[in-house]
Every structure is written in structure tokens, then in C-alpha cells.
> 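Got a structure here, written out as C-alpha cells. Questions coming.
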Amino acid sequence: MISMIMILNQKGDVMISRQYRDDVSRAEADAFRLQVIATKNTGTESPVKRIENCSFLYTRHLNMFFVAVTRSNVNPALVFEYLYQFIRILKGYLGDDFDENAMRNNMTLIYELFDETMDFGYPQNCAVDVLKLYINLGDVKPKDEPAPSQLTSQITGAIDWRREGIRHKRNEVYIDVWESVNLLLSSTGVVLRNEVTGAVQMNTKLTGMPECKFGLNDKLVIEKEGQRKPGVEIDNCTFHRCVRLGKFDADRTITFIPPDGEFELMRYRVNDNINLPFRFIPAVQEEQGNTKVTINLKIIANFSDQLFATNVVIKIPVPKNTSKAKIKHNFGRAKYEPEQQAIVWRGKRFPGKSECHIQADVDLMPTTRPKPWSRPPISAEFQVPMFTSSGVHVRFLRVYDKSGYHTNRWVRYITKAGSYQIRI
Amino acid sequence: MPKGKDSSNANDSRFFTTQKKGELHELRMELHATEKQVKVDAVKKVIASMTVGKDVSSLFTDVLNCVQTGNIELKKLVYLYLINYAKTQPELTLLAVNTFVKDSNDPNPLIRALAVRTMGCIRVDRITEYLCEPLGRALRDEDPYVRKTAAVCVAKLYDIAPDLVAERGFLETLHDLISDSNPSVVANAVAALSEIAEASGKDVMKISAAVLQKLLAALNECTEWGQVFILDSLAKYTPADGREAEGIIERVTPRLQHANSAVVMSAVKVILSYMELMGSSNSDAIRALTRKLAPPLVTLLNSEPEIQYVALRNINLIVQKRPHILENEIKVFFCKYNDPIYVKMEKLEIIIKLVSEKNIDQVLLELKEYSTEVDVDFVRKAVSAIGRCAVKLERAAERCIGVLLELIQTKVNYVVQESVIVIKDIFRRYPNRYESIIATLCDNLDTLDEPLARASMIWIIGEYAERIDNADELLDTFLETFEEEDPAVQLQLLTATVKCFLKNPEDTQDMVQRVLDLATEESDNPDLRDRGFIYWRLLSTDPEAAKMVVLGDKPVIEDDIFKLDPSLLNSLIGQIATLSSVYHKPPDAFVVRRAAGTGLGGDEDDDEDDYEAENDVGGEDLLDIGGMGISDGGLYEPKAPMNKVVGPEKSNGIEVHAGFRQLNGTIRLEMDIQNISSQASVHGLAIQLNKNSFGLSPASQQIVCNPPIPTGGSGSAAVELVVTPSMLAPMPPGQPANPQVQVAIKNMATGNVFYFAVIFNLDALFSQDGTMERSAFIETWKSIDDRNELYGTVSDLPPSNVDIESVINKFKGYNCFFIARRPVPNAEGQEVVYFSMRTVTNMEFLAELTFKQGVNATKICLKTEKAAYAPLAKAALESMLRA
């Protein structure tokens, strides 16, 4: 199991470390600094590094390295999941972009978290909400700290993500369905990879220990219920640990007792019948003599004209030695941004069923040694509210509680670009 | 973070202010303050200093004093400090024992658990006894939080004192906890049992039908980590039959939908391992499972890049074992432009493994796309992948070559070179089929500046010399720089020129002569010279034979895409979701396990080391004395190897056999004396040793023969020897030590003096304290340069002498101490055993002995810094083995 967790800064200094076992020492930190951080290859070399017979598994948050050190044959997925969770916990305590300073200011808190989330190299309770109940920045106690025995039963309970006795004046559930659509299109317009990964985020404000049942327009379920309506073929889903997986495996119903507040109920993946929100038709020509490149790009919004996309950013790569670009386009703003080595087109609002043309003449500076241009793909970022590329929608959310209260539900859909790339 | 924290100056960074003189004193005062907040702040300051590596161990008692508090925050801080310094202050830690015992009875379960958790972390031998009582109670605590902490604590205790765990029945208690009502307790009990099982090599988990049901039930309720622990332990279990396997798989499959990728991968491991047992009769079920496995594996590729990497390394194994699972999913392995390089490289490996005639066109387009990217290593791998596709798929070879030719046209230096290298492989795979492209290759000779690419091109020229009009000219241009070339290129040039000559002798006579001269006379490279001479001899004696040798058919190369050895692959499939599956190596190739109970050896810093060393030696001595008392009869007592050293003709009628051995820690020269023809009985001798390589000299010069040895009789005498530096013979550097010890004996009865030499057997010099900590052994082993390694084989041993147990026992009698043994990976029946020896003169020798079942021989590998004595040590080991 894990022998030590250490957190290093960019220079490779150990900011804080916790040794769970005796078979490693802080000297290992030196090995890591010299052989991993100093090589500056952390983005290209594998995140599992063996030095002597010591294995280092690491990930990053900002410019800090979160490193697990071990001498045994650990489960690497478990180690990385723990590291991610630990970073998530720190975010929960110190804010989303906590930095070196925030870490230094909260040394004892971090030690405490180290001890509570891992024992002898085995991950323990990592639920932020529960941790916050009894590990806090020291002096201030939360007002409603539960009695110790109640607390321990919650930490160790089958339902460690929710405590008993929660009360809300109004019972509400907010459901956000986020989809990212991934596309990889070849330069000849062939779809190489196209899939949607979706996540259902919930924010529950419910009283008691409510039993929830949630339904999507899953093709398998709809067919089983004998309905005629079309359903979406969901390739795979993964669930928050509150969901009863056995039940899902048996009859594909999603039942659970939710945590209080925000959480991610499930993720899913859809591979077929995807409605691409945007189509791109590029034409990029490099002129003989390497002095000019001409770019023509047509962007077509495929979704309903009732909707519109927001925050659309399209990056059209140009060669490194671009001197200037003359750009024509019918709306939005576009300019050549040398630091990105791309022409960047931005549009706040892109109405459905509309088209945008971008035409650019790019002049190149002469170079002494002409190097062929690697022609990176065009990439796009966007969000389309109230649209799902996969066609997934929420059919129902039923909440059962002893007291039989009424629940208000709100559902939002947003599709955004995941990795949306068009090769040229 | 609660508002206002920063402004109230309550953050911890203020504790990091530089330490001035007297600050320790100030801290000490604060630690003794009556006000609670001052105390808390003081301990925080101490911990801050500890974090940045300052030595605050002198405050130990002062900090410890603070533990007497009802304040849980202060308690946690003190405990944190304790864990860090307990190792350096074991005496003082004893003072905290009372607090631990008291806290483990606290009404607050959080404090009880805290006490148990901390006690386990303090790895001080003497504390362990005190630990048992509270631990036993904690394992039965009413609060699940305490029980789950206690479960892990058993594993901690096992690491320090395995016997104690067994003695106190903790293993049984732990086993009972598998049926605990609380899932977290079950999870930690499983984790602790698995760890102990692995450390001890015993099946302490004992999965019975009842336990199995408990585990499967807990699987549904446990935390995500608990699920991983349970799945990993299930993977080590072998179901009784296919039915049971199928039953378990059914219960495990829902885990594939878990959000935590570790749960998913551990579930995949269980399913894949058990599938083997389902047998081929059940092909429908297997097919259904195969279908179920693909989507979760694909989903893993949408995770964070580190998880993607781990998943890809595992998928690499899975597609080798069961190619069907992902045969239709090749597209998901296509690289995104912004994937990290390490992910791209792994994806490429899998693409090559999944490529088939169905998808080759698509794959080729992809690979071509990659070969225009920026990262050189990735591009080269992509180009080389095209070649591997050609070698793998005969019908697609032509298309692959087409793409390679296109790439050569780009004139990008490294792309061209890599293309040439793989085209050579394609030529070797499909001889005489694609020579039409040679002309294109020849156009690019100038761009080739890497040895491997040049060597490949030269090979092609030589192999197809008859189809290249100007082959001789091309080779000639290479020959101009022959001396500067890399050895690999020189070798290829030599062979290619000879090939060229054999195919076209008229025009190339001069050239071949020049090359042979260069290879045999100008070069210092033995390989090149040897090959040169062979060709020369062949060409000059029998050109026909030369043709058969040089132009003979070469073995066709195979596609090496599925290159993992099947038995290794099978064992790695059982290791999915472990580091082993990431490294593609069996665990014993990188896991060096300490023996349980020897965990006290730390290597934090120097003072600690010193302390630990003393502590350890003390402990070892005690143990040894105890051990000796019990096993006295069983201990092997070595005999001195007696050899005749002098006959009656030189010594006035006395024949002496002599040899060395060690008895009860003293080195002795033992002599068997035969009075053959000396007139007087021998009643006393005086002995003198010349300076020798070992510094040996007699403790007393007088030897009394009691009873005296009459003429025609025989007797024995022994001389105690001591080691003194002044008796060391000067040794020429670099020479092996002279094993001879020259002895002068004066027969007191006759006054006659005679001389002889005895070969010293080094084992007589081995000290009783020559054993080592396993970790120290490993350190030393690694620190000794490989050049100081000595190998040898001892064969024709009697079968009883290759029984490892008895060898270990016998060697102990020679003060050659057993360190560890382990089976050799991938070699059934082979085992290596490690020993350490230290002479009383403080020379260390480390030995690795390899035994093979049913073979009456042993391989010795000996390592030492004292190279001069290595042959002697080896000889000693040999004679010890034969004894």
C-alpha cells in the first residue's frame, strides 16, 4: 500500500508530507525531485515512475505535485483516485484554486486530513461533507456538530454521504444535465471519433432520508416498458456511490438516497445517433513557395432556430511564421493571436440554423530553413443551453419520504464542446 | 474556508517565522503555559518547524506534557508530533504509554480511535506489548469507527511483531470482523487480512463459502475503497468450479458501473481471472461477458490522463489475452491532438494490436496523420507502427509501403530515417517483393545521419546489390567515412560490400580488399575484426562456401506484436489493477519485501541510523543467545579441512596434517601429528607464523602435546590464533590475496625446526556477527559495483547438499548467515538464496546461491568490495557446500 504522500512545489521542495509506513523516507523526495521534476518532462513522461524499487505515482494541481510513494504492488487506479479525491477535499476546504500559500497557511489542517483520509496507506473516508463535520480549521466548531457517536456512525455507516435529521423548509431538487460532445473529423470529412459524455449533476435540498428514483429516456428501459417513444442508446454509465448498482444491473432502474447538496449522480456515454451542434467545412491551402496560406471555413449551427449557442470560440491554427492575416467574416470577432499560433474567432451568441463564413489570407515570413507545417486541427469551444446532442432527457425523478412532502424539481440541459477537433 | 480566518492572523504561516536563538526556550515556556490557546499555538509552531525539517526533538517531553488534555485538537497535534519523533526518542515515548491506555478508554469514540491509530504508528518495539491490551479491547469496541481503526492497527502491529499478533489471537478476531455489521469495518478487516496474508505468505484470509457470501454482501454496502479491497482479495481466491466462478462474476459485474475507476478495474480483474475457470463449454456466457466488459473499459479513457495511462497499460494486456473484447473499438484509441504524449504512445501500442484487415485503411490514415505532428518520439513511433502493420498484415503490406513512400517524400529528416528502418524489416518479412521502391530510398541517402538508419540502408543495398545499378558506387561513398561510422554501420558496410563482391566480383575487387583491410587492420573493434577475418578466410579458401554463408536464406522475421510470453501474460492478467500491470513485470521483479518484524531499521538521517543500529544489535544478540540455547544440538559444527602439509623426510620424522577452523568464536589451527620416525616422543612444540594475508598469529607460541606422542604413535594439537594488523603481509595492489599461511614448528624434544605452508580457508575467519538486516543487505548489494562480482558453479554435489534448508543450517555453523530466499521468476523450480558473511577483520561478503530442483549443482554469485579476497571467499563457499 501507499507508504508516503508528499506534496512538492514546482522547485521540488517538499511542502508537506505524511509518512504512513517506514519503508520509505524523505530522502525519496530527493530522488523524485532530481529524476522527475528536474527533467521537466512531467507532461510527457508517464505519471508512474520507478526509481530503484520505489514507485512514484503523481498528479498535479496548479504547479504543485501530489505524489504517492510506495514499495509494494499497489493498485495504481486506487492511488490516483485517492490523490484526486485529496485534491478535491483541499479544494473543498481551501477554495478551488488553492495555492502554495493556502497550503502553508493550513499545515495542521492538512496533517489532520492526511490522517483522517488514510490509515497505514489505506484510503479511508474521503467524503468532504462528512469530513467538514469534525475536521475544521481548528478553533471554530461548526454550530451543529453532532455528538461523537452519531458522527462515527455516519463516517462508517452504509450511508456515509448523508446524515440523519436534515430538514429543509422547501423541498427542492435541481437537476443539470451536462453533455460534452467529442468530435474528431478527418481532413476529408470522415468522422473518426464522435461521442457524447454526459453528467447528471444534482443539487438536492430534501428533508429526512428520502428514497429517490430517477429515469432517463434510456432505450432499454423504454423498450422494456413497451412504449413506442424513441429512446437513446446509452453505451455505458457510471454512478455515484449512493446509487444501488445491483438494482441497476438487474433492471436498469436508478434508485438512491441522495447526499444533501450538490453531487454528481451519474455519468454516461452515448456513441450513436449524435446530433452535432456545429458542422465545419474547412478549406486550407498552402501556396507553393511557403509564403501564403488561404483559409476558408464555413460554420453551420445545426440546432433549432429557437436556441442559440453561447461563448463560441473557434481556433484556426496558422503556421508559426505568420506575419499577418487578413480576415473576413460575417459576424462575431476574429483576429490573429500570435501566442496561440491561431486565428481566433469569438462569438457571444450564435443562433441556431445560421451560418458563419470566415475567410483569411495569411502571409508568412520567409524562413531560412523551411519546415513543413504540422497543420494542427481546428478546435471549437461552445455551449448550447437547453440542448442535448445525444437526445437524452430526464423522464422523471420520484422522491419518496415517510412524511410524504411535495418536491419541486428543476431541470436544465447544456451541451458544450468537449474535444471538438477538425483536422485540416 | 470560513471567512475572517486570514485576517485574524490565525493561519499557520506565522508559525514559520525563522527560529532565532532562544526560541526553543521560548517555545518550551509556551508549551508549559496554562492558557490553552497558547499551548495549541506552541505545538503548532513545533509542528511547523518539524515540517520544514528543523530538529525539535529536544522538546519531546514538553510536548508530551500537553497530551494530558481533554481538548481533542491539542491531542491530535501532540499525537502528530509523537508519530514523527517516537523513533528517535523511544525511551521517552514510553512515558506516553499511559496516556494512550487512558485515551483508549475515553468516552469519546473519536479519541479512542485516535489513540489506537497513533499507537500503531509508533513503531517502537517496547510499546507493542502495551499496545495489545487496548487493541484487543478496541477490536471489540461498540463503536464501528474504533473497530475499523483497530482492524488496520492489527496490520501495523503485524509489521512490527508478527508473533505477538498470532499469540494474542488477533488474526481470529480480525477474521471475525469480516462478518461485522458495519461495512467500513469489514473493508478494513479485509485490507488488513490481505496485507498480512501477503507479508506472511499464509492464507490468513481463508475464504470459505460463508466468508465468500459475506464479502459479496459487503461489496454492495462498502465505501468505494472497501469495494476495491474486497475485489482485490476476491481476485486472489480460486473458485471451486465454473459454476461458482460464474456466480461470483454475476455479483461483481454491477461494479463495472462505479464512478471510481479503481473499483471498475479491480472488478475487471476478478471477471477476467474467473473467466478462465468457466471453461469453453460455456461460450455463450463468456461471449456475453466479453460484451459487458468493453463499455466500461472505453469509459475509462474519458477519465483524467493518469487514469487513462493506467487503463491503457492494462488494456494492452487485455487485448493480448482476449482480443475480442475490444476488436470493434479501435476508434476510441485514436489520439487526440492534445492528449499527453504518454497517453498517445500507449494508444499507439493498442492500435497496432487491434489492427486488422477490416480497419487497416482507417488506421493507416491515422498513422499518417500522426506522422506530421510535432513530438519527434511520437512521430517516429507512428512511422514505425506503419511498418509493424505491414509485417503483421500481409495483404496490407503494399498499402503500408505506399504510405511510407509518401512520408519519405516529405523529406522530414527523422521521418525518412524511421521509414528506412522499418522498410528494412518489411523487406526481411517479404523478400523479393517490393524492391521497386529501392530507387526512391537511394534518393534519400544524404538525409540518413543516424547509425540505425544508415545501417538499415546499407543492408538493403547489400541485399539487393544486383538490382541496384550503382550499388558499388553507393557503398563506396559510405566507405569514405568508414572509420568515423558507428560500429553497427561498420559491420553492415563490411557485410554489404562482401555481398556486393560475391554478386559482382569484377568491379568490386578493390573495394572488398579495402574494406577487409579496414576491418582487420585499422579497427580496434573485436567484432569487426573477427567478422573481417572470417570473410577473408572464406573468400580466399572457398568462394562457393562464402556465397552459401553470406548470401544464404535468412530466417523470416515474425511480427513481434504479441510479444509477451504467454505464461507471463497469464500471470499479468491476474495482476490487472496493480503496478505490475503498469510495468508489465511480475511483482517480484520490483517488490523487495522486508521480513516481517524487521521493520525497525529506518534510514531517516544519520543520528537515527546510529541509534537504530545499536538498538538492533542489542535485540539480535538476545535473540541469538536464546536461539543457541534451544537449537544447540542442531547447529552444524564445521570441521577443519585437514591436508597433509609436511612429511617425515623434511621434518625429521614427523608427519603433519593441518587445517583451520573456527570453534566457539576462536580461530584455530588444528594439526594431526604422526610421529613416524622421530626418536623421542613429541611432548611439546613451538610455533611461529610468517606474515600472511590475514594477519594471523598464534595466541601462544607453546603447544603442549598431552599425552606425548611416542614414536609410531599419533596425536593432535590445536593452536588458537588471533588477528593482529602487524602480522598482515604487504599485498601488491590488484593481486589476489595469497591463501598460504607459512608455519614454522620447532620440536622441543629434538630442537629440530621445520617449515610448511597451509592453505587458509576463509570461512574460519567469518565472524559470528556477520548477519545483516535485509534492507542493509539490499543496500550493500546494490552499492557494490557489478565489476566486483564473482561467479562460479559447484557441481556434482551429493543430493543432500542441495537441500536449501540444510544448506542454510549448515552455513549458519560457518557463520555464513541466511538473509532471504525467493523463487526465480519464470523459472520453475529455481530458487535463489542470499547469505552474508563478515570476517573478524570486517570484510563483508554477500553471496547469492541459485539452486534448481533436481540438479545437484549450485551457482554462486559473490559480491564484495574486497576483490582481493573474493576468490578465497568463493573457495570457502565451495568447500562449505561440499562439506
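In the text below, chain A, chain B and the rest are named by the order of the sequence lines, each starting its count at 1. Atom set for the values below is all heavy atoms of this structure, side chains included, hydrogens, waters and symmetry mates excluded.
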> Which answer fits A/Glu81, side chain, backbone, both or neither, if we ask what part of it has an atom under 4.5 Å from a heavy atom of chain B?
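When you check distances to chain B, atoms from both the backbone and side chain of A/Glu81 fall under 4.5 Å.
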> Is it the side chain or the backbone of A/Phe114 that comes within 4.5 Å of chain B heavy atoms, both, or neither?
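A/Phe114 has no heavy atom closer than 4.5 Å to chain B.
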> With a 4.5 angstrom heavy-atom cut-off, which part of B/Tyr337 approaches chain A: side chain, backbone, both or neither?
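Backbone plus side chain of B/Tyr337, per the 4.5 Å heavy-atom cut-off to chain A.
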> Which bit of B/Val298 is near chain A, if near means a heavy-atom gap under 4.5 Å: side chain, backbone, both or neither?
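Both the backbone and the side chain of B/Val298 come within 4.5 Å of chain A.
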> Using heavy-atom distances under 4.5 Å, tell me whether A/Ser379 contacts chain B through its side chain, its backbone, both, or neither.
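Contact with chain B: none, neither part.
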> Checking heavy atoms, do the side chain of B/Ser371, its backbone, both or neither come under 4.5 Å from chain A?
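When you check distances to chain A, no heavy atom of B/Ser371 falls under 4.5 Å.
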> Top residue by heavy-atom pair count (under 4.5 Å) with chain A, among B/Glu142, B/Glu346, B/Glu304?
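That would be B/Glu304.
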> Can you establish whether the number of heavy atoms outside B/Lys411 located under 6.0 Å from its atom NZ is more than 12?
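Check passes, neighbour count above 12.
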> Is it the case that the side chains of A/Thr197 and B/Asn302 hold a donor-acceptor pair, with the cut-off being a distance below 3.5 Å and no angle test?
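Checked: B/Asn302/A/Thr197 side chains show no N/O donor-acceptor pair below 3.5 Å.
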> Side chain from CB out, backbone as N, CA, C, O: work out which of these in B/Val185 comes under 4.5 Å of a heavy atom of chain A, or both, or neither.
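For B/Val185, there is no contact with chain A at all, as no heavy atom is under 4.5 Å.
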> Please look at A/Arg18 and chain B and tell me whether the side chain, the backbone, both or neither of the residue comes under 4.5 angstrom of a heavy atom of that chain.
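Only the side chain of A/Arg18 comes within 4.5 Å of chain B.
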> Report which part of B/Leu219 has an atom under 4.5 Å of a heavy atom belonging to chain A: side chain, backbone, both, or neither.
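Neither part.
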> Between the side chains of B/Gln308 and B/Asp339, is a donor N or O closer than 3.5 angstrom to an acceptor N or O?
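No - no donor-acceptor pair under 3.5 Å links their side chains.
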> At a heavy-atom separation under 4.5 Å, does B/Leu80 approach chain A through its side chain, its backbone, both, or neither?
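Side chain only.
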> Which bit of B/Gln575 comes within less than 4.5 Å of chain A, counting heavy atoms only: side chain, backbone, both or neither?
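Just the side chain, heavy atoms under 4.5 Å.
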> Given heavy-atom pairs under 4.5 angstrom as the criterion, report whether the side chain, backbone, both or neither of A/Asp115 touches chain B.
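For A/Asp115, the contact with chain B is made by backbone and side chain together.
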> At a heavy-atom separation under 4.5 Å, does B/Tyr79 approach chain A through its side chain, its backbone, both, or neither?
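Neither the backbone nor the side chain of B/Tyr79 comes within 4.5 Å of chain A.
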> Among A/Tyr58, A/Tyr82, A/Tyr84, single out the residue with the greatest number of heavy-atom pairs under 4.5 Å to chain B.
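Option with the top pair count is A/Tyr84.
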> Within the structure provided, determine whether A/Asp249 and A/Leu245 are in side-chain contact (heavy-atom separation under 4.5 Å).
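Not in contact.
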> With a 4.5 Å heavy-atom cut-off, do A/Arg423 and B/Glu369 have their side chains touching?
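In contact.
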> Is B/Asp377 close to chain A through its backbone or its side chain, or both, or neither, when contacts mean heavy atoms under 4.5 Å?
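Nothing of B/Asp377, per the 4.5 Å heavy-atom cut-off to chain A.
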> I need the residue from A/Glu116, A/Met103, A/His240 with the largest number of non-hydrogen atom pairs under 4.5 Å to chain B.
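It is A/Glu116.
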> Kindly indicate whether the side chain of A/Phe56, heavy atoms from C-beta on, has any atom under 4.5 Å from the side chain of A/Val24.
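When only atoms from C-beta onward are counted, A/Val24 and A/Phe56 do not touch, as no gap falls below 4.5 Å.
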> Under a 4.5 Å heavy-atom cut-off, does chain A meet the side chain of B/Lys148, its backbone, both or neither?
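Interface part for B/Lys148: side chain.
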> Side chain from CB out, backbone as N, CA, C, O: work out which of these in B/Asn260 comes under 4.5 Å of a heavy atom of chain A, or both, or neither.
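Its backbone and side chain both get close to chain A.
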> Look at B/Glu373, B/Gln227, B/Gln362, B/Glu366 and state which one has the largest set of heavy-atom pairs under 4.5 Å with chain A.
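When all of B/Glu373, B/Gln227, B/Gln362, B/Glu366 are compared, B/Glu366 has the most.
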> With a 4.5 angstrom heavy-atom cut-off, could you sort out which part of A/Phe248 is near chain B: side chain, backbone, both or neither?
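For A/Phe248, side-chain heavy atoms alone lie under 4.5 Å from chain B.
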> Cation-pi between A/Arg50 and B/Tyr583: NZ/CZ under 6.0 Å from ring centre and within 45° of the ring axis?
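Checked: cation-pi criterion met.
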> Name the region of A/Glu195, side chain, backbone, both or neither, that has any atom closer than 4.5 Å to a heavy atom of chain B.
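Just its side chain gets close to chain B.
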> Is chain A contacted by the side chain of B/Phe229, its backbone, both, or neither, given a heavy-atom distance below 4.5 Å?
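The answer is the side chain of B/Phe229.
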> Looking at side-chain heavy atoms only, is the closest gap between B/Pro587 and B/Thr578 below 4.5 Å?
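Heavy-atom side-chain distance check fails, nothing below 4.5 Å.
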> Let me know if A/Leu83 has heavy atoms under 4.5 Å from chain B in its side chain, its backbone, both or neither.
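Neither part; nothing is under 4.5 Å.
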> Answer with side chain, backbone, both or neither: which region of B/Ala589 has an atom nearer than 4.5 Å to a non-hydrogen atom of chain A?
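Contact with chain A is through the backbone of B/Ala589 alone.
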> Is the ring centre of A/Phe120 less than 6.0 Å from the ring centre of A/Tyr20?
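No - the distance between ring centres of A/Phe120 and A/Tyr20 does not fall below the 6.0 Å cut-off.
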> Would you mind checking which part of A/Glu264 comes under 4.5 Å of any heavy atom in chain B, side chain (CB onward), backbone (N, CA, C, O), both or neither?
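Neither part, no heavy atoms under 4.5 Å.
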> Chain B heavy atoms under 4.5 Å from A/Arg269: which part of the residue, side chain, backbone, both or neither?
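When you check distances to chain B, only side chain atoms of A/Arg269 fall under 4.5 Å.
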> Compute whether any side-chain donor of one residue and acceptor of the other, for A/Gln19 and A/Glu28, lie under 3.5 angstrom apart.
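Note: A/Gln19 and A/Glu28 side chains miss the donor-acceptor criterion.
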> Taking CZ in B/Arg313 as the centre, count heavy atoms belonging to other residues, nucleotides or ligands within less than 6.0 Å. Is the count above 12?
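Above 12, so yes.
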> Please look at B/Lys76 and chain A and tell me whether the side chain, the backbone, both or neither of the residue comes under 4.5 angstrom of a heavy atom of that chain.
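Contact with chain A: side chain only.
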> What part of A/Ser419 is in contact with chain B, defined as an atom under 4.5 angstrom from a non-hydrogen atom: side chain, backbone, both or neither?
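Just its side chain gets close to chain B.
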> What part of A/Asn53 lies closer than 4.5 angstrom to a heavy atom of chain B: side chain, backbone, both or neither?
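Both parts, backbone and side chain.
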> Is it true that, when you exclude B/Lys292 itself, more than 12 heavy atoms of the residues, nucleotides or ligands shown sit nearer than 6.0 Å to its NZ?
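Not more than 12 within 6.0 Å, no.
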> At a heavy-atom separation under 4.5 Å, does A/Thr44 approach chain B through its side chain, its backbone, both, or neither?
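Both backbone and side chain of A/Thr44 come within 4.5 Å of chain B.
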> Is there a donor in the side chain of A/Tyr122 and an acceptor in the side chain of B/Glu195, or the other way round, less than 3.5 Å apart?
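Yes.
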> Can you tell which part of A/Lys49 gets under 4.5 Å to a heavy atom of chain B, answering side chain, backbone, both or neither?
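For A/Lys49, the backbone is the part near chain B, not the side chain.
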